[in-house]
Amino acid sequence: WNSGWKYRNDGVDIQENEDENGNGYHIGFTQKNEWVAFTVNIEESGFYDLTTRYSSTSSGYINFLINDYPISENIVLYNTGSFENFINNTKSNIYFNAGIQNLKIKMVTAGYNLSNVSFQIGDQEIPDFSAIYSETVNESSILVLLNQPINPSSTVNSNDFSVNINGTQVTINNIQINEQNPQIIEITLDDSFSFLDDLDVSYSLNGVITSEIGRAHVWTPVTDQSR
């Protein structure tokens, strides 16, 4: 099972390395949509710096999920020059809720070695409240990820949103805050779409959705592309 034939023999491909900033092992032979999962105890809610240590001979993408919901957009891992040259890629202002969580690391594309991942509470200013990522859930639903939780007192009104399919506005059947993750808005449409369609989600200047973090940021207008 383990194509690297090191450390242990299970479904994770593990190889040895000489990286001074690692533990001597890394996940190799990564394949598209492959993932590994860990149980983590997040002691403090807040914005974290997420650092991925990796090596690669081509650029690719990685993503992170908490309890099967994304916590950021796809993160670019650039070519490091060789599979022996490990470097750090740090993504700042990733919000985590305190508690015991399931962390999933998803290899969106193939072809890089993954040494380790670390999280450190950030020291930057609280970012402006905004949407950072969107993806389709099925042929009529869209998930929009915000960079911080929505204030429970905020009202999500479908009239404040618009969705276009190939440039034509369509009717929103339902819109709601995800019960398990208040950073996620779920939009359900009357119309269906396919992977060939261009989807555009936008938010009205008249809408007011506020964050529960720090001062009450108003979510700035945003356009996200999903396919």
Side-chain angles (χ1 to χ4, degrees), residues 3-4 6-7 11-97 101-128 130-135 143-148 181 183-184 213 222 224-227:
S3 298
K6 300 295 181 182
Y7 191 69
V12 181
D13 300 320
I14 300 174
Q15 296 177 289
E16 291 180 335
N17 64 55
E18 297 181 358
D19 181 20
E20 294 180 355
N21 294 301
N23 66 358
Y25 298 95
H26 64 259
I27 297 174
F29 303 100
T30 53
Q31 300 297 315
K32 180 179 179 180
N33 292 328
E34 188 176 32
W35 55 267
V36 290
F38 306 88
T39 300
V40 296
N41 183 13
I42 300 168
E43 296 182 349
E44 178 183 354
S45 295
F47 293 94
Y48 284 75
D49 293 334
L50 188 162
T51 299
T52 305
R53 189 161 184 79
Y54 74 100
S55 67
S56 178
T57 58
S58 61
S59 295
Y61 292 94
I62 194 170
N63 205 340
F64 297 84
L65 302 92
I66 289 288
N67 303 326
D68 282 327
Y69 290 103
I71 58 174
S72 75
E73 71 272 41
N74 291 337
I75 297 172
V76 181
L77 300 180
Y78 293 102
N79 186 340
T80 69
S82 76
F83 284 121
E84 290 74 37
N85 183 35
F86 287 85
I87 67 171
N88 289 337
N89 177 299
T90 299
K91 181 74 173 177
S92 297
N93 290 326
I94 304 297
Y95 189 83
F96 286 90
N97 278 309
Q101 318 279 7
N102 177 271
L103 171 67
K104 181 180 288 186
I105 304 173
K106 181 180 178 181
M107 290 57 160
V108 180
T109 57
Y112 46 83
N113 293 333
L114 183 62
S115 175
N116 59 72
V117 173
S118 62
F119 305 85
Q120 184 173 356
I121 197 75
D123 56 5
Q124 298 91 352
E125 287 190 14
I126 296 174
D128 289 338
S130 65
I132 57 175
Y133 177 74
S134 65
E135 67 179 28
L143 175 155
V144 178
L145 174 67
L146 309 180
N147 66 342
Q148 49 196 278
N181 186 341
Q183 287 180 249
I184 291 175
I213 307 301
V222 65
D224 281 306
Q225 293 291 331
S226 301
R227 175 171 285 189

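The chain is numbered in sequence order, starting from 1.
Aromatic pair Phe96/Tyr48: centroids less than 6.0 angstrom apart.
For the residue pair Phe83 and Phe86, the shortest heavy atom distance occurs at O-CE1, 3.6 Å. Of all the heavy atoms in Asn79 and Ser59, the pair that sits closest is N-OG, 3.5 Å. In this structure, Glu73 and Asn63 approach most closely via the heavy-atom pair O-OD1, 3.8 Å. Taking every heavy atom of both residues into account, Gln183 and Asn147 meet most closely at NE2-C, 3.6 Å. Contact detail for Lys106 and Ile62: the closest heavy-atom pair is O-CG1, 3.3 Å. Nearest heavy atoms, Gly28 versus Gln15: CA-OE1, 3.6 Å.
Using a distance-only test at 3.5 Å, with no hydrogens or angles considered, a donor-acceptor pair links the side chain of Tyr112 to the main chain of Tyr61. Between the side chain of Glu43 and the backbone N or O of Asn41, no donor-acceptor pair lies under 3.5 Å. The main-chain N or O of Ser118 is never found under 3.5 Å from a side-chain atom of Thr51 such that the two would form a donor-acceptor pair. A donor-acceptor pair is defined here as one N or O able to donate and one able to accept, closer than 3.5 Å; such a pair exists between the side chain of Tyr54 and the backbone of Tyr78. Using a distance-only test at 3.5 Å, with no hydrogens or angles considered, a donor-acceptor pair links the side chain of Thr30 to the main chain of Gly111. A distance-only check finds no donor-acceptor pair linking the side chain of Gln148 to the backbone of Phe47 [under 3.5 Å].
Within 6.0 Å of CZ on Phe119 lie more than 12 heavy atoms contributed by other residues, nucleotides or ligands. The environment of CD in Gln124 is crowded: more than 12 heavy-atom neighbours from other residues, nucleotides or ligands sit within 6.0 Å. Within a 6.0 Å radius of NZ in Lys104, other residues, nucleotides and ligands contribute more than 12 heavy atoms.
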Task: Residue pair Asn17, Asn113: steps toward the side chain to side chain contact (heavy atoms under 4.5 Å, CB included) verdict - done: CA-CA 10 Å; Asn17 64 55; Asn113 293 333; over 6 Å; no
Open item on the list: Working note: Ile71 + Leu65, criterion side chain to side chain contact (heavy atoms under 4.5 Å, CB included); need CA distance, chi angles, decisive distance, verdict.
Closed with: CA-CA 6 Å; Ile71 58 174; Leu65 302 92; over 6 Å; no
Task: side chain to side chain contact (heavy atoms under 4.5 Å, CB included) evaluation trace for Thr52 with Leu50 - done: CA-CA 7 Å; Thr52 305; Leu50 188 162; 3.6 Å; yes
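Within the 4.5 Å cutoff, no side-chain heavy atoms of Tyr95 are placed close to those of Leu146. At least one side-chain heavy atom of Arg53 sits less than 4.5 Å from a side-chain heavy atom of Asn88. Residues Asn97 and Ile42 fail the side-chain proximity criterion, which asks for heavy atoms closer than 4.5 Å.
Rounding to the nearest 0.5 Å places OG of Ser58 at 10.0 Å from CG of Leu77. Residue Asp68 holds its CG atom at 8.0 Å from CH2 of Trp35, rounded to the nearest 0.5 Å. To the nearest 0.5 Å, atom CG of residue Leu143 and atom OG of residue Ser134 are 8.0 Å apart. The line from CE of Met107 to CD1 of Ile27 is 5.0 Å long, rounded to the nearest 0.5 Å. Atoms CD1 and OG, on Ile66 and Ser72 in that order, are 10.5 Å from each other to the nearest 0.5 Å.
No hydrogens or angles considered: nothing links the side chains of Asn67 and Asn102 as a donor-acceptor pair under 3.5 Å. Residues Ser56 and Thr80 have side chains that never bring a donor and an acceptor to within less than 3.5 angstrom of each other. A donor atom on one side chain and an acceptor atom on the other are not found under 3.5 Å apart for Asp49 and Gln120.
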